[in-house]
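Bear in mind that the values here come from a model prediction, so they are computed numbers and not experimental data.
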Amino acid sequence: MGACLTVADSKRSFHRAFPHVIAPLYRRMVDELLVELHLLSRQKGFQIDPLFAVGLTQVFDGFARGYRPEAQREPLFQALCAACGYEADHFRRLRNEAVAAVGQHSVEDVRRWITEQGTGAPEPIAGVLQAVKRPDFHYSRLLAVGLLSLLQQAKGADALEPQALRQAAHDTGEAMGLLKDRVDKDLSLYVSNLEKMAQAVELMEETVAAERRRRERQSLGATSEAPAAEPGVAVASGSADIAAGPEAGSGTAAPSA
């Protein structure tokens, strides 16, 4: 756990680790994740688990889509985690292990594991189910997002309607012991905000492309409208001597005044 004591400490640490300008479209996402990670780092009942790791990485990857320059996207995630005493690589590893475990099973398998309190579940999922039973268990909205994301990775999930998957996540969360109202609210906000972000990114990309096309047209227009140089007339700085060359080298002296 990090040594940061206040949100301001975490923000200073983040900006030292990531001294780059963040486009306005992504600043809210960065600020919210930074504050949430900081607050979780101070919660005694909070423990990192695969479900949280899936939720965190999914939220970052989803809301950082289209981030430019692309080479700074993963360093941004690393700086967010490090500012609060966490390791981004650890979250990525937990996420990959959980997705690999669930990807071999169906949505119904996942729901059965949960209703049977983890019986038959692979280790990443069984550990999460045990953690929820702790009296000091601390809920985070990222757990709800992680649950939905894991169900989306299960076999056969592609054939289900998005609403059916969300309902499965709601039911599964309730079976796990999570507060249904909290899960419903958090998933609804996540899906709604993700759709708005996708629309904003699409609009931004269309605007950038339109501006690029406009500049290209202006450049082509300026080139085609440039007047052609008359023979024997210098067209660039430094070319006057070349244009006067034939007379200068003829050996004929200039008439004296």
Side-chain angles (χ1 to χ4, degrees), residues 1-95 138-150 166 169 178-179 181-208:
M1 193 171 294
C4 297
L5 298 179
T6 67
V7 172
D9 291 329
S10 291
K11 288 185 175 182
R12 280 191 292 270
S13 178
F14 167 73
H15 288 295
R16 283 195 299 268
F18 192 81
H20 307 288
V21 175
I22 299 173
L25 182 61
Y26 301 97
R27 288 176 190 166
R28 180 179 177 183
M29 178 271 292
V30 170
D31 190 60
E32 288 188 358
L33 279 182
L34 183 59
V35 171
E36 182 158 9
L37 285 173
H38 169 83
L39 294 177
L40 288 173
S41 73
R42 316 317 302 171
Q43 286 287 342
K44 292 183 178 180
F46 172 71
Q47 291 184 5
I48 296 173
D49 59 42
L51 196 60
F52 175 83
V54 172
L56 173 62
T57 54
Q58 175 63 30
V59 166
F60 178 83
D61 292 343
F63 284 89
R65 188 176 72 84
Y67 189 91
R68 296 291 184 274
E70 187 174 353
Q72 291 181 3
R73 185 165 53 187
E74 192 59 23
L76 172 60
F77 182 59
Q78 292 172 349
L80 279 170
C81 296
C84 300
Y86 299 120
E87 294 183 3
D89 290 345
H90 181 52
F91 287 129
R92 291 288 187 194
R93 184 169 61 255
L94 287 177
R95 181 264 177 197
H138 182 80
Y139 172 81
S140 164
R141 65 190 177 102
L142 296 175
L143 291 173
V145 176
L147 179 58
L148 175 60
S149 300
L150 274 183
R166 285 178 57 186
L178 304 179
L179 294 176
D181 290 344
R182 286 290 305 275
V183 173
D184 289 353
K185 178 183 177 181
D186 290 337
L187 286 182
S188 296
L189 283 174
Y190 163 71
V191 172
S192 174
N193 290 337
L194 190 61
E195 291 174 352
K196 292 177 182 177
M197 188 66 174
Q199 293 169 359
V201 170
E202 183 178 358
L203 177 60
M204 178 188 69
E205 291 176 344
E206 290 176 354
T207 301
V208 170

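Look at Arg92 and Asp89 and you find no salt bridge, because none of the NZ, NE, NH1 or NH2 atoms lies under 4.0 Å from a carboxylate O.
Using cut-offs of 30° and 60° for the angle between ring planes, the Phe91 and Phe77 rings count as tilted. In this pair, Phe14 and Phe18 present their aromatic rings parallel. The plane angle is below 30°, not in the 30 to 60° band.
Considering every non-hydrogen atom in both Cys84 and Ser10, the closest pair reads SG-OG, 3.9 Å. Across Ala169 and Val183, no two heavy atoms sit closer than the pair O-CG1, 4.4 Å. Closest approach of Leu187 and Ala144 over heavy atoms only: CD2-O, 3.3 Å.
A donor-acceptor contact shorter than 3.5 Å links the side chain of Ser188 to the backbone of Asp184. A donor-acceptor distance shorter than 3.5 angstrom exists from the side chain of Asn193 to the backbone of Leu189, with no hydrogens or angles considered. Side-chain atoms of Tyr26 come within 3.5 Å of backbone N or O of Gly66 as a donor-acceptor pair.
Note: Gln43 CD to His38 NE2 = 10.5 Å, rounded to the nearest 0.5 Å. In this structure, the separation between CG on Leu56 and CZ on Arg141 is 9.5 Å, given to the nearest 0.5 Å. One finds the CG atom of Leu34 at 11.0 Å from the CD atom of Glu32 (value rounded to the nearest 0.5 Å). Atom CZ of Arg27 and atom CE of Met29 lie 12.5 Å apart (nearest 0.5 Å). With rounding to the nearest 0.5 angstrom, the CG atom of Asp61 is 7.0 Å from the CZ atom of Arg73. Note that CZ of Arg166 is 13.0 Å distant from CG of Leu147, once rounded to the nearest 0.5 Å.
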Which is it for Leu179 and Tyr139 under the side-chain contact (heavy atoms from CB on, under 4.5 Å) test, yes or no, and what are the steps along the way? CA-CA 9 Å; Leu179 294 176; Tyr139 172 81; over 6 Å; no
Criterion side-chain contact (heavy atoms from CB on, under 4.5 Å) on Asp9 and Arg12, from CA distance to verdict: CA-CA 5 Å; Asp9 291 329; Arg12 280 191 292 270; 2.6 Å; yes
Passes side-chain contact (heavy atoms from CB on, under 4.5 Å), Thr6 versus Lys11? Steps please. CA-CA 9 Å; Thr6 67; Lys11 288 185 175 182; over 6 Å; no
Using side-chain contact (heavy atoms from CB on, under 4.5 Å), reason through Tyr67 and Ile22 one step at a time and then give a plain yes or no. CA-CA 9 Å; Tyr67 189 91; Ile22 299 173; 3.8 Å; yes
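Checking each of Gln58, Glu195, Lys185 against Tyr190 for a side chain to side chain donor-acceptor pair (under 3.5 Å) leaves exactly one that passes, namely Gln58. For the side-chain contact (heavy atoms from CB on, under 4.5 Å) test with Leu142, the passing option among Val54, Asp186, Val59 is Val59; the others fail.
At most 12 heavy atoms of other shown residues, nucleotides or ligands fall within 6.0 angstrom of atom CD in Glu87.
Annotation: side chain of Asp49 is in contact with side chain of Leu143 (closest heavy-atom distance under 4.5 Å).
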